[in-house]
Every structure is written in structure tokens, then in C-alpha cells.
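See below for the structure under consideration.
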Amino acid sequence: MRVNQNAKNATVIGALCTVSYLAVYIARNILGAVTPMMIETGSFTEEYIGAASSLFFVFYAVGQLINGMIGNKIKAKYMMTLGLLLAGISSTAFAAFPLTPEIAYVAYALTGFFLAMIYGPMTKLVSENTEPIYATRCSTVYTFASYFGSPAAGMLAAIFTWQSALFAGGALLGTMAVISFISFAVLEKRKIITYSKSNSEEKKKGSLKLLFRQNYIKFCAVSMITGVIRTSVVFWLTTYFADCLGYSEKTAATVFSVATLVISFAAPLAVYVYEKLKYDMDKTLLIMFITSAVFFASAYFIKLPLLNVIAIVGAVMASNGAATMLWSIYCMRLKNTGVVSGATGFLDFLSYLAAAAANSVFASLITSVGWQGMIAVWTATVILGVIVSIPFKKRKSAEKS
């Protein structure tokens, strides 16, 4: 009976986190989805949008670092609700003043910072209020849901004008802020959500030495590599489909929606492979990165649009599978450090810092080396992931999550 109650509580907490995280990813993917339409108006360039997105990722990265540490001390209810509300306001401001670069850049940068108030505190909330097996499942579900943010953003781009789609994203965040606050209040009253306080023993466990023993440096590298693919590459997919493969702007948005919908299944697929490999993290990471490299390399040579899309989807999906190992399995193992929010926030900081740098570089490379050159760069990126994933010492036994 006790186990069933734990499962029910985990389901409720997981549902709240999933819906909130989905709203975050819908909002943050809208700009990439509407980029071709914005460029088509003649008022915007790839460089302008690339600069805005880079600022977003830089502030999102810094926000993960700062908010992750703050999330160790402040309740997730306040962090998540305030983040959703402020991000909704700043996102709406960006949509209202896109032709005023100074305001637009500041507004979109702040959107990134405020959205970074969600993940670290949310991971801490789940790890502290659910048993390990349910924590992993909750994390997998909201990671899975986050991938639906891209196809949902693509649908908004296919239905609305670019500006209306951006307004819709801001409204969604504001609505979720209200829903989250009410939900937290109810769950706290029912004692389904409680908050633990750090003590001296937890601080001792949270030392850098303990994190290093858990291969933290390796997963910092995995975070950066997968961050480039799942964030920067996905951001440019709609433009890639239109410019390189010849799809119209509306068709490219539709293809983007379908492609990212398929990519969203990376999370449960990766967990399935992980379990089949008897919970061997290194083997799972290697398989995912190798598969991604093979698909990216195939896209370099494939000219038929449909097959090219399939290859790109396979490549991103495999890389996202590696990312799932990081966010859904590894981060939940950091519970005993006592600094889950901060440690997770730093990993996310690195992920988006790498994405911000890559996005700025990609915007320039598109015009200098073309899309074929871009695919070569993407292939090299995941090959680096293969190298990082190679285990240099044998473990005595595979760890079960």
C-alpha cells in the first residue's frame, strides 16, 4: 500500500513538472520555428536572429548557474512560479518590440535567464520527494515532454504569423505560472511536497571531491556536446529544411514539427537501450554518439530531401539519447551530494554556454561554408562525444539507477 502511495505521489509531482517544463520548451523553441518567416519579411537577417538566440542561451546558461545555486535554498514553488511568470512577461515584450533591437535583445536575454529558474529547483524537488526509481521515471517523462516543445512550436509557426506565435508563447508561460502556484499550494498542504534543509553532513557530501568521484567532469563534457546538438542544431533545422532542402517556409515549419515529434521519442528509447545493456552508462553513451555520427555523416552525402531529413532526425535523436542519460539518470544520482540543484544547474550552464557559442558560430558558418560544411561540423561534434564516452577504466559492476 505504501509503495502504491509513493507511486501516486510521484505521478502527481511528475505531472506538474512535465506540464511546466513543456511550456518552457514550447516558448523557447518558437523563435527557431518562425525564423524563416521572419527572414522572409525582409526586416530580419540570420545574423540578427542568431545574435538574439545567442544572447538567450548565454543568459539561460548564466541563469542555470545562478538559479541552480539559489534553488538549493529557496523553495521550488517560488523559483518555478516566478520564473514562468517573468519569462512570460519578457517573452511578450520581445514579440512586441522585435524591430527595436535594443529592447528586443534585452527582453529575449531576460527570457532566457527567467526560464533558467525552472530546471535545477525542479530536479531537486523530484529527487527529494520521490523514491529513486520514481525520480528517474519522472525525469524521463518530463525530458520526453520537453522534446515535444519543438513540434508544438512548429505547429504554432504553421498556424499563426511569426509575431502571433511569439505572443502565444508568452501567454502560455503566464498561464502556467498561475497553474503551478496553485498546484504547489495544494500539494504542500497535502504533504505530497516537502522541502528538506541542508545540514553540515550534506555540505560535506556535496564537496567537489565527491562530484569528481561520480565522473562529474566527464558529464560536463557530455552536457556541452549534447547541448550543441539538442539546442543549436535544432534551432537551425527549420532554416536548414528551407534553405538547403528547398522546402517552402510553411512546409519547413511542418517538417520541423514532424521531425522534432519523432526526435521526442529519444528519451524513452535511450532508457530502453540503457536497461537492455544492464544499466551500463558508458556503453549506452557510446552507442548513442556513434549512431549520431553515422547519421550525420550520411546526411552529408544524401541529396534526396526526405532521406536527408530522416538522416538528420536520426542523428539528433541519437545525440538526445545521450543527453537523456545525463539528465534523467546521472543527475538523479547526485541526490546524496546535497547540492542537486546547484550541480544540475552547472551542467545546464555548460550545456547552454556551449550552445550559445555554437549558435553564434553557426550563424556565420552558414554563409561562409554552406550547409554541407555545417553538417561536417555537426558530425565532428558528436565524434568528440564518442571520444569522451570511451571508458578509460573498467568498473567492477554496472550501476543500477
Side-chain angles (χ1 to χ4, degrees), residues 23-67 82-119 149-150 153 156-157 160-174 177 227-228 230-239 243 249 345 348-368:
V24 169
Y25 268 76
I26 291 174
R28 50 166 282 181
N29 280 294
I30 290 177
L31 180 60
V34 300
T35 291
M37 285 189 283
M38 293 178 71
I39 294 174
E40 188 181 25
T41 65
S43 300
F44 304 93
T45 63
E46 285 90 346
E47 288 75 16
Y48 173 94
I49 296 173
S53 64
S54 290
L55 278 172
F56 174 95
F57 293 138
V58 167
F59 274 72
Y60 190 88
V62 173
Q64 289 291 354
L65 183 63
I66 296 174
N67 294 320
L82 191 60
L84 289 166
L85 179 61
L86 294 178
I89 294 172
S90 57
S91 178
T92 301
F94 173 76
F97 302 100
L99 295 177
T100 308
E102 295 80 9
I103 298 178
Y105 286 156
V106 171
Y108 205 56
L110 289 176
T111 300
F113 184 85
F114 295 138
L115 287 180
M117 296 174 70
I118 311 300
Y119 190 75
S150 293
L156 289 176
F160 298 113
T161 63
W162 61 267
Q163 197 165 29
S164 295
L166 288 167
F167 277 126
L172 177 62
L173 290 173
V228 170
R230 74 190 179 100
T231 303
S232 297
V233 173
V234 169
F235 178 87
W236 289 104
L237 280 186
T238 310
T239 307
D243 289 356
E249 284 73 15
D348 229 358
F349 161 74
L350 292 178
S351 174
Y352 287 98
L353 189 66
N359 227 39
S360 182
V361 171
F362 289 173
S364 300
L365 286 178
I366 290 171
T367 55
S368 61

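Numbers here are sequence positions counted from 1. Fair warning: this is a prediction, and the values are worked out from it, not measured in the lab.
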At what distance, to the nearest 0.5 angstrom, does CG of Asn67 lie from CZ of Phe349? 12.5 Å
d(Phe94 CZ, Phe56 CZ) to nearest 0.5 Å is 10.5 Å
Side-chain touch Ile39/Ile49, heavy atoms, less than 4.5 angstrom: yes
Side-chain contact test, heavy atoms from C-beta onward, threshold under 4.5 Å: evaluate it for Arg28 versus Phe57 and give yes or no. yes
Minimum heavy-atom distance between Phe44 and Thr41, given as atom pair plus value: CD1-OG1, 3.6 Å
Closest heavy-atom contact between Tyr352 and Thr231? CE2-OG1, 3.4 Å
Nearest heavy-atom contact between Arg230 and Ser351 is NH2-OG, 3.4 Å
Under 3.5 Å: donor-acceptor pair, side chain of Ser232, backbone of Ala355: yes
What pairs meet the side-chain hydrogen bond (donor to acceptor under 3.5 Å, both in side chains) rule with one or both residues in residues 87-116, with sequence neighbours excluded? Ser90-Thr111
Output the distance between atom CG (Leu173) and atom CG (Leu115), rounded to the nearest 0.5 Å. 6.0 Å
Would you mind reporting whether Val228 and Phe362 have side-chain heavy atoms less than 4.5 Å apart? yes
Restricting to non-hydrogen atoms, name the atom on Val34 and the atom on Ala165 that form the minimum distance, rounded to 0.1 Å. CG1-CB, 4.0 Å
Within the 4.5 Å heavy-atom criterion, are Met38 and Leu31 side-chain neighbours or not? yes
So CG of Leu172 and CD1 of Ile30: to nearest 0.5 Å the spacing works out to 7.5 Å
Within-4.5 Å side-chain heavy-atom neighbours: Thr35 and Phe235: yes
For the residue pair Val24 and Tyr119, establish whether any side-chain heavy-atom pair is separated by less than 4.5 Å. no
Neighbour count >12 (heavy atoms, 6.0 Å) for atom CZ, Phe97: no
Rounded distance (nearest 0.5 Å) linking atom CG of Leu84 with atom CD1 of Ile118: 4.0 Å
Minimum heavy-atom separation for Ala116 to Gly63, with atom names? CB-C, 3.4 Å
Give, for atom CZ of Phe167 and atom CH2 of Trp162, the distance between the pair rounded to the nearest 0.5 Å. 8.5 Å
